[in-house]
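Here the structure is a predicted model, which is why all the values come from computation and not from measurement.
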Amino acid sequence: MNIFKEIHDTYRVIDRYLSYKEVEAESQTLADYWANMRAVNDKAYFVVLFSRLEVTIKDRFKKKYPDIKNPTFKVMLSSITPDTGQIYKSITYYYGIRNKIAHGAIKYSSINIADFIRFINTEIL
C-alpha cells in the first residue's frame, strides 16, 4: 500500500471522530476545544506527510546523484523538477509551511490534507 494513502486514511478516521465531537459538543467551549484539536491534527498529519515527501525527493536525488553528500532540500528538489516550474514553487511553499509548523509557529488555522495528498499523488508520485 502507498504510504501516503495509509497516512491519509488514518488521518480521515481521526478527523471524522474529532469533527463528530465538535458537532456534538454540549457547549461552545467544548466545540472550540474540538475544533482546535482538529487544527492541531491537521498540522501534525501535514508534517508527517511532508516528511514522507522529503524522503521521496531524497530517494530520487540519490538515484540520480549517488556521490553528492548532504545536499539541501532545495538542491534535491531542483534536481527532479525545474526550479522555475509550478511544482517546485508549490513544494517550496509547502516546505515553508512545514518549517513554520515544525519550529513552533503554528499560526496556520487549517491545512487542507486532502488537497496536499491530491497534489502529491498527481504531481509527485
- Quick one: CD1 on Ile120 to CG on Asp115, what's the gap to the nearest 0.5 Å? 11.5 Å

- Message: Are Val23 and Tyr33 connected into the same hydrophobic cluster when the rule is that any two of I, L, V, M, F, W, Y join if their side-chain heavy atoms are below 4.5 Å apart?
- Response: no

- Kindly indicate, with the supporting measurements, whether the criterion side-chain contact (heavy atoms from CB on, under 4.5 Å) is fulfilled by Tyr88 and Lys74. CA-CA 9 Å; Tyr88 181 91; Lys74 288 184 178 180; 3.6 Å; yes

- Hey, does Phe4 have a side-chain heavy atom less than 4.5 Å from the side chain of Thr56? yes

- Message: Could you report the tightest heavy-atom contact between Ala25 and Ala31, atom names first, then the distance?
- Response: CB-N, 3.4 Å

- Side-chain contact test, heavy atoms from C-beta onward, threshold under 4.5 Å: evaluate it for Tyr11 versus Val48 and give yes or no. no

- Val13, Tyr17: one ILVMFWY side-chain cluster at the under-4.5 Å cut-off? no

- Kindly work out whether a path of hydrophobic side-chain contacts (I/L/V/M/F/W/Y, heavy atoms less than 4.5 Å apart) joins Val55 to Phe73. no

- Between the CD atom in Gln86 and the CZ atom in Phe119, the distance rounded to the nearest 0.5 Å is 8.0 Å

- Item | Shortest non-hydrogen contact between Ala35 and Glu22, atoms and distance | CB-OE2, 3.4 Å

- Message: Counting C-beta onward and ignoring hydrogens, is there a side-chain heavy-atom pair between Phe116 and Tyr45 closer than 4.5 Å?
- Response: no

- Determine whether Ile113 and Leu49 make a side-chain contact, defined as any pair of heavy atoms from C-beta on separated by less than 4.5 Å. yes

- Please round to the nearest 0.5 Å and tell me the distance separating atom CG of Asn112 and atom CG of Asp42. 8.0 Å

- Message: Nearest 0.5 angstrom please: Ser19 OG to Glu24 CD, how far?
- Response: 10.0 Å

- Query: Any link between Val47 and Ile3 through a network of hydrophobic side chains (Ile, Leu, Val, Met, Phe, Trp, Tyr) touching at under 4.5 Å?
  - Reply: yes

- Message: My understanding is that only one of Thr72, Ile57, Leu53 makes a side-chain contact (heavy atoms from CB on, under 4.5 Å) with Leu77; could you say which?
- Response: Ile57

- Just wondering, do Arg38 and Trp34 contact through their side chains at under 4.5 Å, heavy atoms? no

- Task: Answer yes when Asp9 and Arg12 have at least one side-chain N-carboxylate O distance shorter than 4.0 Å, and no when they do not.
- Result: yes

- Nearest-0.5 Å distance, CD1 of residue Ile87 to OG1 of residue Thr92: 12.0 Å

- Message: Under a 3.5 Å distance rule, please check whether Lys63 uses its side chain to pair with a backbone N or O of Asp59 as donor and acceptor.
- Response: no

- Message: Minimum heavy-atom separation for Leu18 and Met37, please, with both atom names.
- Response: CD1-O, 3.8 Å

- Query: Within a strict 4.5 Å, meaning less than it, do heavy atoms of the Glu6 and Asn2 side chains meet?
  - Reply: no

- Contact check, side chains of Ile101 and Phe50, non-hydrogen atoms, under 4.5 Å: no

- Do Met76 and Tyr65 have side-chain heavy atoms sitting under 4.5 Å apart? no

- With distance as the sole test, does Thr81 use its side chain to make a donor-acceptor pair with the main-chain N or O of Ser78 at under 3.5 Å? no

- Message: For the backbone of Leu30 and the side chain of Ser27, can you confirm whether one donor and one acceptor N or O come within less than 3.5 Å of each other?
- Response: yes

